[in-house]
Enquirer: 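To start, I am sharing the structure in question, which I have written as structure tokens.
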Amino acid sequence: MEQYELYCLADRLFYDTPTNRGEQEPDFAACARPVPAGWQHDAGDVWMHYAPADADLPAQGWKIHVSAGLDDADRTIAAVWDYCVGRGLAFKFLRSKPVLMMFNSKSAFRGSSGKLVTIYPADEAQLELVLKELDGLLEGVQGPYILSDLRYADGPLFVRYGAFVTRYCLSDSGERVYALTNGEGRLVPDVRGATFSIPPWVTLPSFLEPHLEARNAVTTNELAYVIENVIQFSNGGGVYLGHHRDTAEKVVLKEGRPLAGLDALGRDAVARVGHERDILQRLAGLDVVPAVRDYFQLGDHHFLVQEFIDSNSLQRLIVGRYPLTRPDASAEQRTAYAEWALGTLARIEQAVAALHERGVVFNDLHPDNILIDADDRLVLIDFEVATLATEQARSALAHPGFAAPPDRHGVDVDRYALACLTLGLFAPQATMLLGLHPAKVNQLADLISETFQVPRATIAPAAGTVLGDRPALQADPPLPGKAPWQDLRSAITKAIAASATPQRDDRLFPGDIAQFEPGGGINLAYGAAGVLYALDRCGAGRFPEYEDWLRRQTRDSAAVPGLYNGLHGVALVLHELGHHQDGLDALDRGRTQPAEVLELGLYSGLAGIGLSLLHFGAEPAALAAATRIVDEVADRLGGPEDVAELSGDGRPRAGLMFGSSGPALLFLHAYERSGDTGLLDLAKIALQQDLRRCTADQYGMLQVNQGWRTLPYLEEGSAGIALVLDRYLRHRPDDELATALEPLRKVTRCGYFVQPGLFMGRAGVLLAAAQLEPSASEQLIAGLGWHSLPYGDGLAFPGNQLLRLSMDVATGSAGVLLALGAALHEQPAALPFLEPGPGFGSYQRREEV
């Protein structure tokens with residue numbers, strides 16, 4: 001979530017680049033320095049890049065990273081600037097303190113966190129000289145350890161071998177990733193993990209060997225505890241399960257990394273771990289907190305040792321019990337869950353009251369910080385940001401779905417979190433919406449009461465606590481499931497139009513943070529093309545000003561070639577909107593990447609590009625290129641068992657957008673054009689690959705299996721696979737594959753999804769249900785009310801992570817509109833190439849017979 005939080009700095013309602021945050025937090029002072037004569041400068045959203053215009057850098061090599069804490073950042077950047085400019089060294093640095101804090105926050109990516117400056121030496125001799133000289137210049141600067149790097153001496157300098165220029169290759173999982181050239185001259189992945197490693201063809205410079213030895217000299221061999229495994233990692237350190245060497249007592253060890261894992265007050269993980277020890281000692285004797293066993297240092301890392309509680313988190317218990325994630329949840333199941341939830345809530349309230357009696361405010365109450373063991377003991381954990389009630393403080397590090405507004409202090413912070421927990425037990429993650437529109441709490445309370453038959457009076461106190469004295473500033477918009485289609489379409493269109501920023505060049509409609517990647521502001525998934533496509537397909541009208549914006553920006557864009565992330569999707573939309581030459585021009589510009597560095601998938605790979613070229617098949621060159629791509633995908637597809645049984649985590653992903661269902665869809669469209677039955681054979685193999693990565697659950701649903709969770713969604717889940725499988729079965733009956741369709745589409749009968757979006761939320765399941773299970777559409781439409789919000793006198797929906805509103809197709813309001821149009825519009829809407837094809841309905845009729 002850390003990247004999303006970075007894009008929350010600028011705007012309260014929409015994701016935006018940190019550079020648009022206004023002047024409340026200015027950039028570092030060096031950003032205002034004039035660019036030296038003969039130098040090039042690129043001001044990015046996160047990094048400020050500087051290089052001599054005539055710099056002749058290698059494509060890869062040893063790079064230097066400089067780490068610094070908040071207090072040392074400005075002087076460190078100034079010193080590096082003076083040094084690098086004087087010696088003609090290319091460098092970059094983070095542009096502001098808010099960005100530095102976010103990149104070094106507790107939730108930031110551990111591997112790269114801590115980097116403030118990057119320097120690019122031309123060779124190993126220059127590397128050694130720069131390290132030696134900067135080590136003296138930066139004496140006294142303190143910064144967090146950069147886990148992906150090797151530390152030079154004891155200061156803030158670190159090194160890693162990696163790419164200097166951006167190149168790509170395919171990983172073992174078939175995904176497009178950053179690349180290096182190996183010893184044989186082939187592009188291989190540039191692995192960027194949380195441990196220092198050297199590519200096998202690279203030799204560590206001899207002058208760095210003592211520093212590697214010093215790093216390896218720190219071990220846990222002499223500790224009084226044996227670490228057995230990792231419970232979790234954060235940028236602040238790890239939480240480990242272990243046992244005492246002498247007594248064998250199981251314990252939990254919580255690590256604090258110095259100067260890392262910053263909170264809103266700028267405190268690091270060491271300060272918070274020490275603070276947690278003090279709070280737990282104050283609470284000693286309470287059964288609802290873990291007992292402190294020990295506290296020690298290893299190097300400059302601090303460790304708090306706590307009692308081990310063999311338990312499950314409340315979050316995990318909710319996932320296991322929540323009835324609306326199952327198909328056709330009965331009233332009895334919902335009532336039984338409500339009884340458990342309210343009983344559990346009463347016990348949590350008692351536990352929090354016990355803290356308050358000791359004068360402690362928890363400040364971080366949420367389901368992951370509540371444990372319940374096999375004997376039903378309830379324990380609160382993670383007291384890093386707890387405060388004394390007398391301080392009347394606010395939380396410095398809170399879960400966004402439970403974070404109290406600025407007007408709550410002291411024990412009222414916990415009371416607010418308890419109120420959110422009351423709602424969140426029945427509507428998981430929905431309390432994230434309250435930061436966008438506090439009055440949503442009343443609508444949530446109504447939905448909870450109706451769905452779970454909980455008396456409104458039971459929920460009312462929590463709703464009142466959340467809303468407080470804040471008035472409802474906007475009237476609730478039309479509610480899905482209750483308002484007619486025309487009203488919903490009009491309301492969503494109003495919100496989309498109200499959000500438009502045609503004066504900007506980077507994006508027209510606010511959406512997911514992916515729209516700030518190259519070409520993201522114009523593309524089909526996150527950009528203007530997708531929004532205009534959805535509006536047109538749903539009969540919401542044409543918008544010439546916005547279409548002109550798309551045409552203009554497409555001509556100047558450095559977009560990538562893909563269907564959903566690049567120029568092929570934009571070309572298709574322009575062509576569909578009647579801008580035929582603009583579409584052909586975009587198509588021509590989209591032929592920029594060799595096939596061998598593109599993945600097979602629909603979203604950004606060969607399957608999507610091939611489908612786009614088939615769409616332009618009246619152009620002989622496009623048809624010839626499509627044929628070559630179909631052949632390439634067929635050659636690289638493999639057999640039914642040439643994929644792992646799990647999706648993702650270093651393995652090829654399953655599903656419509658990134659898995660084998662995308663190639664299957666390409667083969668099906670190619671078959672529909674040519675009649676070549678060999679293409680159906682290939683489509684079957686591709687579908688078998690995706691079905692291999694699905695697993696059946698106790699409720700009869702077949703979902704994509706990631707090992708630690710299963711997915712029902714359109715992007716990587718049941719819904720997307722089912723749409724393609726259904727299309728295949730309409731062309732060729734197949735008893736083996738047909739047995740998978742019913743359990744795949746059974747997910748459309750579930751009642752709750754954490755996000756509303758098209759790719760990874762309820763809207764995508766609705767889009768599938770409109771074709772596969774129309775009887776499920778009504779419940780899915782009504783369920784969109786859990787996430788509906790007012791904006792611009794209309795109706796809008798939050799994007800991924802629920803932290804901000806989104807108007808795009810993949811995550812936001814345009815995607816919801818398209819899904820509603822699939823179910824309700826007189827001419828059902830669909831994503832490109834997922835429109836009902838030849839013989840639509842024939843397979844369903846065969847089933848009925």
Enquirer: Any ion pair linking Asp446 and Arg456 (charged N to carboxylate O, less than 4.0 Å)?
Expert: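 Salt bridge present between Arg456 and Asp446.
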
Enquirer: Atom CG in Asn104, atom CG in Leu70: separation rounded to 0.5 Å?
Expert: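 Output value for this atom pair is 7.5 Å.
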
Enquirer: Going by an N to O cut-off under 4.0 Å, is there a salt bridge joining Arg377 and Asp287?
Expert: yes

Enquirer: I'd like to know whether CG of Asp154 has more than 12 heavy-atom contacts from other residues, nucleotides or ligands below 6.0 angstrom.
Expert: no

Enquirer: Looking at Lys250 and Asp310, does any basic side-chain N land under 4.0 Å from a carboxylate oxygen?
Expert: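 Looking at Asp310 together with Lys250, the answer is no, because their closest N to O distance does not fall below 4.0 Å.
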
Enquirer: Compute the ring centroids of Phe362 and Phe402, then answer whether they are less than 6.0 Å apart.
Expert: no

Enquirer: Would you check if the distance from the ring center of Tyr752 to the ring center of Tyr322 is below 6.0 Å?
Expert: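 For Tyr752 and Tyr322, the ring centres are under 6.0 Å apart.
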
Enquirer: Do Ser105 and Glu5 meet the criterion of a side-chain donor-acceptor pair at a distance under 3.5 Å?
Expert: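 Absent: no donor and acceptor within the cut-off.
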
Enquirer: Side chain to side chain contact (heavy atoms under 4.5 Å, CB included) between Ile381 and Asn369: does it pass, once the steps are laid out?
Expert: CA-CA 5 Å; Ile381 62 168; Asn369 281 349; 4.1 Å; yes

Enquirer: Under 6.0 Å from the six-membered ring centre of Phe196 and within 45° of its axis: does the NZ or CZ of Arg215 meet both?
Expert: no

Enquirer: Hey, what do you get for CZ (Arg257) to OG (Ser113), rounding to the nearest 0.5 Å?
Expert: 6.0 Å

Enquirer: Would you call Asp382-Lys254 a salt bridge at under 4.0 Å N-O?
Expert: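 Judged by the 4.0 Å cut-off on N to carboxylate O distance, Asp382 and Lys254 do form a salt bridge.
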
Enquirer: So if I apply the side chain to side chain donor-acceptor pair (under 3.5 Å) rule between Asp412 and each of Arg415, Arg408, His409, which one comes out positive?
Expert: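 Only match with Asp412 under side chain to side chain donor-acceptor pair (under 3.5 Å): Arg415.
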
Enquirer: Measure from NZ or CZ of Arg277 to the centre of the six-membered ring of Tyr295, then state whether that distance is under 6.0 Å and the direction lies within 45° of the axis.
Expert: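 Yes, a cation-pi geometry.
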
Enquirer: If you apply the rule side chain to side chain contact (heavy atoms under 4.5 Å, CB included), what do you find for Tyr15 with Leu803, and how did you get there?
Expert: CA-CA 8 Å; Tyr15 295 120; Leu803 294 167; 3.5 Å; yes

Enquirer: Heavy atoms only: give me the nearest Ser806-Gly511 pair and the separation to one decimal.
Expert: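 Taking every non-hydrogen atom into account, OG-CA, 3.4 Å.
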
Enquirer: Assess the residue pair Tyr225 and Asp294 against the criterion (side-chain hydrogen bond (donor to acceptor under 3.5 Å, both in side chains)); give the C-alpha distance rounded to whole Å, side-chain angles, the decisive distance to 0.1 Å, and a yes or no.
Expert: CA-CA 10 Å; Tyr225 303 91; Asp294 197 1; 2.8 Å; yes

Enquirer: Could you grab the distance from atom CG of Leu100 to atom CG of Leu262, nearest 0.5 Å is fine?
Expert: 7.0 Å

Enquirer: Ignoring hydrogens and geometry beyond distance, is a side-chain donor-acceptor pair present between Thr811 and Asn800 at under 3.5 Å?
Expert: no

Enquirer: Which residue in the set Asp364, Ile279, Leu265 passes side-chain contact (heavy atoms from CB on, under 4.5 Å) when paired with Val385?
Expert: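 Among Asp364, Ile279, Leu265, the one that satisfies the side-chain contact (heavy atoms from CB on, under 4.5 Å) with Val385 is Asp364.
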
Enquirer: Leu433 and Trp786: which non-hydrogen atoms are nearest, and at how many Å?
Expert: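 Scanning both residues completely, I find the closest heavy atoms to be CD1-O, 3.3 Å.
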
Enquirer: Within the supplied structure, the quantity of interest is the number of heavy atoms (other residues, nucleotides, ligands) at a distance under 6.0 Å from Gln281 CD; does it exceed 12?
Expert: yes

Enquirer: May I ask you to check whether Tyr7 and Phe516 place their ring centres under 6.0 Å from each other?
Expert: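 Yes, the ring of Phe516 comes within the 6.0 Å limit of the ring of Tyr7, centre to centre.
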
